[in-house]
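All chains are named by letter (A, B, ...) in the order of the sequence lines, taking the proteins before the strands, and each is independently numbered beginning at 1.
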Amino acid sequence: MIEKLLEIKIIEAVRALYSTEILPTQVQLQKTRKDFDGDYTIVVFPFTKSSRKSPETTANDIGTYLVEHMEQVSAFNVIKGFLNLVISGSYWNGFYARNFSNNKFGFVPQMDSNPFVVEYSSPNTNKPLHLGHIRNNLLGFSVARILEANGHKVIRVNLVNDRGIHICKSMLAWKRWGDGETPSSSGIKGDHLVGKYYVIFDQQYKKEIEKLISLGISKDEAAKSAPLILEAQEMLRKWEANDDEIISLWKLMNGWVYEGFEQTYQTMGISFDKTYYESKTYLLGKSLVDEGLQAGALHRRADGSVWIDLSSDGLDEKLLLRSDGTSVYMTQDLGTAQQRYNEFTPEKLVYVVGNEQEYHFQVLAKVFKHMGKPWYDSIFHLSYGMVELPEGKMKSREGTVVDADDLMEEMFRTAEITTRELGKVDDFSSEEAVQLFRIIGLGALKYFILKVDPKKNMLFNPTESIDFNGNTGPFIQYTYARIQSVLRNAVQKDFLPNEIGALQIDNVELLPQEKEVLRILHQFPGIVNEAGDSLSPALIANYIYELACEFNRFYHDITILKETDLVRRNFRLGLCTFTGNVIKNAMWLLGIDVPQRM
RNA sequence: GGCCUCGUAGCUCAGUGGAUAGAGCAGCAGCCUUCUAAGCUGCGGGUCGAAGGUUCGAGUCCUUCCGGGGUCACCA
């Protein structure tokens with residue numbers, strides 16, 4: 001890595017010139033901005049204390065030293081306190097020759113270490129997936145790939161919330177008003193069908209509440225005493241008591257939902273290595289609670305409920321077991337975390353969960369800390385922002401939820417219309433065309449969501465959010481397709497790939513457009529690394545956009561196939577291969593496919 | 001109310017304490033006889049929410065204030 005080498009040499013220069021030791025963190029190395037000459041820029045202000053000279057003189061001293069002591073640095077210039085270094089042509093040539101055809105460029109081989117367990121999706125089985133889940137799924141899946149590209153082993157896990165009062169609500173409504181309706185009898189996708197009855201429950205429940213209020217009962221009281229909610233609670237008790245009839249209804253309806261989910265995941269192009277079900281894990285936390293009680297980390301109140309006092313960590317007291325002995329959400333998560341730890345001894349337990357649960361995960365880690373589990377700090381909450389609609393937060397009861405299946409279908413339709421309008425698929429078979437619409441539609445959606453910093457809330461306007469021009473997935477896919485087209489034409493003209501591979505670019509002065517593309521390609525490994533450290537697909541997305549922009553400029557300004565100088569022509573073809581590889585791999589990190597033609 | 005978080009162009013978003021704050025969309029004006037025009041080039045558009053402070057240097061760090069969001073359940 002040239003950056004690392006520069007850092008070492010700069011420290012060495014300061015030592016030699018001013019007899020001062022500086023730390024690597026004091027070396028501020030950055031890419032030279034476009035409007036100046038050079039490849040890397042060093043900010044010399046921090047060194048002026050050592051040199052006791054003006055920034056300009058200091059920069060000149062160090063620049064001279066580097067040119068003399070590093071073959072890779074061929075020249076420098078100084079503007080104000082900035083030392084711009086020019087990296088030699090032979091370095092760039094070498095970099096190009098070594099990597100242009102390496103289709104693993106930027107990816108670290110898998111290391112032999114403990115895995116990262118990444119949990120994402122975590123749906124409830126009472127309603128279909130929506131826009132919020134889409135962000136969650138895309139983030140989790142992409143982060144998993146980014147970690148793998150950094151050499152980590154990754155286990156992708158899903159934790160399905162398949163039990164609880166909300167599930168019983170759907171079951172009850174179906175039992176009462178469903179008239180035996182099934183996915184096959186109605187043609188409704190299983191998760192949507194169950195979701196339909198969840199909504200029906202809510203409507204009927206509201207009616208009952210209103211009726212009770214009109215009889216003079218208070219709102220709170222009405223909500224608690226409506227017959228439907230009482231019946232749902234009774235159903236939950238029966239479920240916990242393993243009542244045959246309830247269990248088989250539960251199995252039937254959940255089965256429909258899983259089929260529906262599977263279809264959605266498949267369309268979205270995401271998958272898991274392992275799926276956990278809360279119905280199987282919800283009791284796991286209880287033995288941990290016993291353990292904690294015995295160790296004195298937890299305490300039991302007079303009513304039988306169990307609590308942990310986290311005031312020493314600046315948090316509150318937190319309930320871990322209800323007075324009736326049943327477990328709460330936190331208890332379950334304690335259990336599943338311990339289970340995963342036992343199963344995988346992970347390097348990190350990553351939870352892709354919305355930022356509304358930040359407090360929950362702080363507590364989760366602290367509880368383990370208090371219970372003397374040294375691995376508590378391997379719990380990492382990848383907290384992402386909410387997806388908001390123009391009218392505000394999505395509310396399922398108000399019908400403002402953007403459904404995942406609907407949205408993807410809409411994307412495919414839009415992709416088809418746009419693509420047909422542009423006449424892009426006139427010579428495609430209908431299968432090829434459908435395939436392309438899906439690639440483009442999903443590419444647009446995924447890129448739109450992943451390019452935003454995960455931490456931040458984002459706004460999604462269904463009618464105008466997704467464009468196919470500018471900083472979008474299709475723009476990048478288009479750039480890739482153009483590259484493939486050039487390469488196909490090259491083969492057709494007998495500009496053979498092995499000929500491309502054999503030639504290098506020694507003694508050829510690069511054009512600015514060529515150099516700029518090469519420079520951006522050079523950054524890719526560093527970007528992958530940074531994205532891995534910060535678990536941020538957005539860094540990858542922004543990088544690809546920059547690369548695609550620069551390549552399009554090159555493509556527009558400079559001829560490739562008509563270049564008569566063989567060395568130049570082959571170098572440009574190699575640059576196409578190189579850029580194509582990086583775009584494809586970077587898009588793969590986002591879980592986005594690229595088409596050969598579009 | 002306590003704690004957390006966000007506030008950058010009309011809109012959506014970038015911007016490891018460094019140079020003149022950038023993209024896309026929207027608007028306007030150009031570029032297809034040429035490797036795919038889902039592209040390229042140019043123009044206009046900013047009190048980086050406000051005020052202080054730290055620093056050679058602040059959109060970025062600290063304090064206060066204003067505004068939005070989240071959270072503080074024997075819900076998940």
Side-chain angles (χ1 to χ4, degrees), chain A residues 25 28-30 32-33 35-36 41 43-46 48-49 55 79-82 84 122 124 161 163-166 278 301 303-307 314-316 318-330 332-333 354-360 362 383 385-386 388 390 392-393 415 418-419 421-424 440 444 448 451-453 455-461 464-465 467-479 481-490 493 530 534 538-539 541-542 545-546 548-549 552-553 555-563 572-573 576 597-598:
Chain A
T25 51
Q28 292 185 45
L29 194 67
Q30 49 194 262
T32 303
R33 291 173 50 144
D35 17 326
F36 300 98
T41 296
V43 185
V44 297
F45 290 107
T48 53
K49 283 195 193 95
I79 296 167
K80 297 195 217 165
F82 298 91
N84 300 317
S122 321
N124 292 348
N161 183 350
R163 62 169 287 279
I165 189 74
H166 47 292
E278 277 189 14
R301 285 189 186 170
D303 63 4
S305 58
V306 177
W307 298 74
L315 305 175
D316 305 331
K318 194 77 192 168
L319 176 89
L320 295 182
L321 222 51
R322 295 192 187 98
S323 50
D324 64 3
T326 57
S327 57
V328 291
Y329 179 44
M330 183 62 69
Q332 297 182 39
D333 258 7
N355 61 14
E356 64 211 346
Q357 293 194 34
E358 271 170 13
Y359 183 70
H360 171 79
Q362 273 182 40
S383 164
M386 298 289 99
E388 282 158 11
K393 223 187 152 181
T418 312
T419 306
E421 265 172 14
L422 292 168
K424 296 278 186 182
I440 294 173
F448 182 85
K451 77 174 176 188
V452 180
D453 182 341
K455 292 196 299 285
K456 293 190 176 171
N457 288 359
M458 65 179 292
L459 189 114
F460 186 89
N461 184 337
E464 60 188 48
S465 261
D467 208 326
F468 289 2
N469 301 312
N471 187 359
T472 66
F475 164 78
I476 291 157
Q477 291 170 322
Y478 177 69
T479 307
R482 272 177 146 185
I483 290 172
Q484 299 317 303
S485 174
V486 172
L487 294 174
R488 277 193 303 272
N489 289 335
K493 287 177 191 284
E530 227 178 297
S534 55
L539 296 179
N542 288 323
Y545 177 63
E546 208 184 322
C549 279
N552 279 321
R553 222 162 279 151
Y555 178 91
H556 178 267
D557 292 352
I558 298 170
T559 184
I560 301 165
L561 298 173
K562 290 197 173 140
E563 173 60 53
R572 286 173 197 164
L573 283 168
C576 287
R597 291 197 295 158
M598 74 182 268

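- For the P atoms, the distance from G42(B) to C11(B) is 25 Å, rounded to whole Å.
- R163(A) is linked by a salt bridge (charged side-chain N to carboxylate O under 4.0 Å, His left out) to E240(A), counting only residues two or more places apart in sequence or in another chain.
- When heavy atoms are screened at a 4.0 angstrom cut-off, Q28(A) is found touching base atoms of the nucleic acid.
- A search for side-chain hydrogen bond (donor to acceptor under 3.5 Å, both in side chains) contacts involving N469(A) returns nothing, not counting sequence neighbours.
- Applying the ring pair (Phe, Tyr, Trp, His ring centres under 6.0 Å) criterion to Y329(A), with sequence neighbours excluded, gives H360(A).
- Of the C1' atoms belonging to U16(B) and G53(B), the separation is 24 Å, rounded to the nearest Å.
- With sequence neighbours excluded, no residue satisfies ring pair (Phe, Tyr, Trp, His ring centres under 6.0 Å) with F45(A).
- When heavy atoms are screened at a 4.0 angstrom cut-off, D453(A) is found touching the sugar-phosphate backbone but no base atom.
- Nearest approach of M330(A) to L319(A), heavy atoms of both residues: CB-O, 4.5 Å.
- As judged by a 4.0 angstrom heavy-atom cut-off over every strand, D333(A) is placed among residues making no nucleic acid contact.
- In this structure, T559(A) and N84(A) both approach RNA chain B, and ranking their closest nucleotides by distance from the 5' end singles out N84(A).
- Between F468(A) and Y478(A), the gap from one ring centroid to the other reaches at least 6.0 Å.
- When the nearest nucleotides of RNA chain B are assigned to H556(A) and M386(A) by heavy-atom distance, the more 5′-ward of the two goes with H556(A).
- Partners of R488(A) under the salt bridge (charged side-chain N to carboxylate O under 4.0 Å, His left out) rule, at least two apart in sequence or in another chain, do not exist in this structure.
- Separation of the P atoms belonging to U47(B) and A9(B) is 8 Å when rounded to the nearest angstrom.
- Counting non-hydrogen atoms under 4.0 angstrom, N461(A) reaches nothing in the nucleic acid.
- Inspection of the T472(A) and D467(A) side chains reveals no N or O donor paired with an N or O acceptor under 3.5 Å.
- When heavy atoms are screened at a 4.0 angstrom cut-off, R33(A) is found touching base atoms of the nucleic acid.
- Spacing between G45(B) and G22(B) at atom P, rounded to whole Å, works out to 14 Å.
- More than 90° away from 0 lies the glycosidic angle of C62(B), which makes this nucleotide anti.
- Taking the P atom of each, U5(B) and U63(B) are spaced 11 Å apart, rounded to whole Å.
- The salt bridge (charged side-chain N to carboxylate O under 4.0 Å, His left out) test applied to R322(A) returns no partner, not counting sequence neighbours.
- V452(A) comes within 4.0 angstrom of the backbone, heavy atoms only, and of no base.
- Backbone-only contact: Y545(A) has heavy atoms under 4.0 Å from sugar-phosphate atoms and none from a base.
- Remark: the separation of the P atoms in U64(B) and C4(B) is 11 Å, to the nearest Å.
- Panel note: side chain N457(A), backbone M386(A); a donor-acceptor pair is recorded below 3.5 Å.
- Across all strands, K424(A) comes closer than 4.0 Å to base atoms (heavy-atom distances).
- When heavy atoms are screened at a 4.0 angstrom cut-off, Q357(A) is found touching base atoms of the nucleic acid.
- Looking at heavy-atom distances under 4.0 Å, L561(A) makes contact with a base.
- Nucleotides G30(B) and G52(B), compared at atom P, are 47 Å apart to the nearest Å.
- Partners of K455(A) according to the salt bridge (charged side-chain N to carboxylate O under 4.0 Å, His left out) rule, which considers only residues two or more places apart in sequence or in another chain, are D453(A).
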Item to check | Bracket string, RNA chain B, 5' to 3' - pairs by Watson-Crick or G-U geometry under 3.5 Å, | interstrand | outcome: (((((((..((((....[...)))).(((((.......))))).....(((((..]....))))))))))))....
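- Close approach of RNA chain B to chain A, defined as any atom under 4.0 Å from a non-hydrogen atom of the protein, starts and stops at C4(B) to A76(B).
- M598(A) comes within 4.0 angstrom of a nucleotide base, judged by non-hydrogen atoms across all strands.
- The residue L29(A) sits close to a base: some heavy atom pair falls under 4.0 Å.
- Residue I558(A) is in base contact, counting any heavy-atom pair closer than 4.0 Å across all strands shown.
- Rounded to whole Å, the separation between the C1' atoms of G59(B) and G46(B) comes to 12 Å.
- Among the heavy atoms of the strands, none lies under 4.0 Å from I165(A).
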